[in-house]
Amino acid sequence: MNVLLIGSGGREHALAWKLAQSAVLDTLYAAPGNPGIARHATIVPLDIADHAAVARFCAETRVSLVVVGPEAPLVAGLADDLRAAGVAVFGPSAAAAQLEGSKGYTKDLCREADIPTAGYVRVTDLNGAIAALSPFSLPVVIKADGLAAGKGVTIAMDRAEAEAALAAIFDQPGGEAVIEEFLTGEEASLFVLTDGVHLMPFGSAQDHKRVGDGDVGPNTGGMGAYSPARVLTPALEQQAIDTIVRPTVAAMAARGTPYSGVLYAGLMLTDRGPKLIEYNARFGDPECQVLMTRLDGDLLPILLAVAQGRLDTVTPPVFSAATSLTVVMAATGYPGTPVTGQPIGGIDRAEAAGTTVFHAGTRNAGSDVVTAGGRVLAVTATGDTVRAAQAAAYRGVDALDFPGFCRRDIGWREIAREGE
Ligand code: AMP
Ligand code: GLY
């Protein structure tokens with residue numbers, strides 16, 4: 001069968017790498033793609049905002065499945081328009097993608113379905129927001145309502161900082177915000193596939209969102225990850241599925257907006273059990289890179305079964321017992337404005353050193369591969385322990401000639417525990 005993959009980041013390179021190994025794949029197409037994805041897929045010059053053009057392409061090239069990587073096309077209704085044109089899609093409808101697209105929507109759903117999450121209020125104007133702040137203790141969490149690429153959250157240590165964050169949100173026309181109770185604990189990401197009815201746990205990971213070693217500095221889209229996240233024990237995972245994910249899938253179905261695709265639950269493991277921090281309507285980036293490199297067997301039949309509403313007919317995935325770990329190579333300036341157009345050397349050497357190098361923000365310039373975004377590469381390796389996987393990944397990192405930076409401590413929490 002022919003498959004079209006939508007997206008151009010490291011997550012999509014990992015999906016392309018895995019889909020290209022499928023026994024049932026004929027041709028993999030990708031749009032917009034990147035130079036790494038181009039090693040596994042035929043890049044097609046489609047405007048993914050033009051849903052009718054994507055549907056026409058699928059009809060003309062007999063594409064049986066479209067896999068949507070990023071959230072923005074989902075929130076824009078690409079999956080709805082393709083389904084209306086008779087194309088199977090891995091990814092939720094615009095209505096269901098509200099679980100990622102609107103923090104307030106998700107918080108209200110949690111309240112309705114009694115799902116454990118931080119206490120909150122939704123606010124729609126600055127005066128109301130400042131009044132609503134007073135019952136919260138410090139620190140307090142301020143979130144812009146809409147999609148913000150991981151950058152719309154402020155953890156305010158004092159009221160002035162909270163008020164400044166709210167003022168910045170309400171400076172924008174139509175600004176909406178959520179004020180939240182600050183949760184303490186360790187974070188873990190849980191991935192669950194669902195066709196709207198059936199659930200299939202699909203692995204765990206731990207991301208590193210802050211830009212600097214030791215988890216300091218501004219938030220990013222993610223500077224590195226490893227999988228599995230052993231801190232999410234089988235018992236805690238089951239508790240999160242039973243108290244958070246399953247009630248969410250049931251509530252979405254009951255609302256007439258069933259959720260189909262991968263549901264990525266960002267969890268805080270508090271001393272009172274797992275609580276939902278946020279949902280994403282897609283695989284994590286770079287969490288997808290570590291999930292795909294641990295997944296044994298064929299991804300494509302599973303994604304097709306999700307898209308066709310028959311997830312109960314496929315055998316559950318087998319993930320290798322090994323740890324996979326990925327280090328994000330970021331361009332100078334990230335998470336602010338990245339320096340682009342700088343040549344990257346040594347990708348072949350990093351792969352010869354035993355890593356898989358996924359491309360995120362790269363492009364070809366003549367015979368060079370150059371930086372073209374904030375997060376540029378994800379250097380990925382596996383090992384029997386997190387420590388071994390980390391050592392292997394940094395051997396790849398050190399083989400690169402890279403014009404930017406990376407964190408040197410990916411996996412540190414688990415390595416500290418392994419050392420105990
Ligand atoms: P989000 O975009 O909602 O995932 O938030 C980004 C990051 O902010 C999370 O990964 C957490 O580290 C932190 N965060 C968000 N909400 C809370 C909360 N209620 N309590 C503590 N930390 C939070
Ligand atoms: N790495 C975090 C995310 O994909 O949202």
Side-chain angles (χ1 to χ4, degrees), residues 7 9-12 14-15 69-72 74-75 97 99-107 110 115-122 136-157 162 165 169 177-191 203-211 215-227 229 262-272 274-292 326-328 330 334-335 358 360 374-375 378 380 407 410 413:
R11 166 184 45 220
E12 289 77 25
L15 290 169
E71 61 277 18
L74 296 168
V75 170
L99 282 179
E100 173 163 4
S102 166
K103 308 262 184 207
Y105 174 92
T106 299
K107 297 301 282 189
C110 287
I115 290 167
T117 187
Y120 74 103
V121 287
R122 289 181 81 165
F136 285 87
S137 48
L138 295 169
V140 61
V141 182
I142 309 292
K143 297 183 178 180
D145 187 72
L147 290 182
K151 295 173 195 162
V153 176
T154 302
I155 302 193
M157 302 312 289
I169 293 170
V178 174
I179 305 175
E180 267 185 36
E181 167 203 6
F182 179 75
L183 298 175
T184 50
E186 190 164 335
E187 288 181 52
S189 306
L190 172 63
F191 299 88
S204 66
Q206 191 170 57
D207 191 13
H208 298 61
K209 288 209 169 91
R210 303 289 187 131
V211 74
D215 294 331
V216 299
N219 261 328
T220 69
M223 294 299 293
Y226 67 91
S227 172
V262 57
L263 194 53
Y264 157 177
L267 303 174
M268 187 71 87
L269 305 179
T270 74
D271 53 14
R272 299 177 59 205
K275 293 194 179 187
L276 181 71
I277 301 175
E278 62 155 0
Y279 274 129
N280 293 306
R282 50 170 174 82
F283 283 111
D285 188 347
E287 292 94 323
C288 189
Q289 289 83 318
V290 286
L291 288 179
M292 291 305 133
T326 192
V327 178
V328 168
Y334 183 74
F358 294 116
R375 294 189 296 168
T380 311
R407 277 181 63 164
I410 301 304
R413 288 173 194 278

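This structure is a prediction, so every number in the text was calculated from the model and none was measured. Just follow the structure's listing: the first ligand is 1, and inside any ligand the first atom is 1.
- An N or O contact shorter than 3.5 Å is missing between Lys209 and ligand 2 by distance.
- Remark: Lys107 does not engage Asp145 in a salt bridge, criterion side-chain N to carboxylate O under 4.0 Å.
- Ligand 2 has an N or O atom lying under 3.5 Å from an N or O atom of Arg282, backbone or side chain.
- Annotation: side chain of Lys209 is not in contact with side chain of Pro335 (no heavy-atom distance under 4.5 Å).
- Ligand 2 has a nitrogen or oxygen under 3.5 angstrom from a nitrogen or oxygen of Asp285.
- Residue contact check: Glu187 has heavy atoms under 4.0 Å from atoms 9 (C), 10 (O), 11 (C), 12 (O) of ligand 1.
- Side chain of Thr154 to main chain of Ala156: no donor-acceptor pair is present (N/O by atom type, distance under 3.5 Å, no hydrogens or angles).
- If you look at Tyr264 next to ligand 2, the close heavy atoms, those under 4.0 Å, all belong to the side chain.
- When only interatomic distances are considered, the shortest N/O to N/O separation between Glu287 and ligand 2 falls below 3.5 Å.
- Without hydrogens or angle criteria, Ser189 side chain to Ser204 main chain gives no donor-acceptor distance under 3.5 Å.
- Glu186 meets the salt bridge (charged side-chain N to carboxylate O under 4.0 Å, His left out) test with Arg417; sequence neighbours excluded.
- Each of the atoms 1 (P), 2 (O), 3 (O) of ligand 1 lies under 4.0 Å from some heavy atom of Lys103.
- Those atoms of ligand 1 that come under 4.0 Å of a heavy atom in Glu181, given as number and element, are 18 (C), 19 (N), 20 (N).
- By the 4.5 Å heavy-atom criterion applied to side chains, Tyr264 and Glu287 are counted as neighbours.
- The distance criterion of under 3.5 Å between nitrogen or oxygen atoms is met by Leu183 with respect to ligand 1.
- Here the side chains of Pro286 and Arg375 are in contact, with some heavy-atom distance below 4.5 Å.
- Around atom 22 (N) of ligand 1, the closest heavy atom drawn from Thr270, Leu267, Ile155, Asp207 belongs to Ile155.
- For the residue pair Gly224 and Val328, the shortest heavy atom distance occurs at N-CG2, 3.9 Å.
- Counting atoms of ligand 1 from 1 in the listed order, those under 4.0 Å from a heavy atom of Met268 are 21 (C), 22 (N).
- Nearest heavy-atom pair, Met292 versus Leu15, reported as atom, atom and distance to 0.1 Å: CE-CD2, 3.9 Å.
- Close approach to Gly284 involves these atoms of ligand 2, each under 4.0 Å from a residue heavy atom: 4 (O).
- Ligand 2 has a nitrogen or oxygen under 3.5 angstrom from a nitrogen or oxygen of Gly221.
- Near Lys209, meaning under 4.0 Å from one of its heavy atoms, ligand 1 places the atoms 10 (O).
- Near Asn280, meaning under 4.0 Å from any of its heavy atoms, are these atoms of ligand 2: 5 (O).
- Remark: the Gln206 side chain and the Tyr226 side chain contain an N/O donor-acceptor pair separated by less than 3.5 Å.
- Thr220 and Arg210 make their closest contact through CG2-C, 4.3 Å (heavy atoms, listed as atom of the first residue, atom of the second, distance).
- Of all atoms in ligand 1, numbered sequentially from 1 with element shown, those under 4.0 Å from a heavy atom of Ala118 are 19 (N).
- Applying the 4.0 Å criterion to heavy atoms of Lys143 picks out, from ligand 1, the atoms 3 (O), 15 (C), 16 (N).
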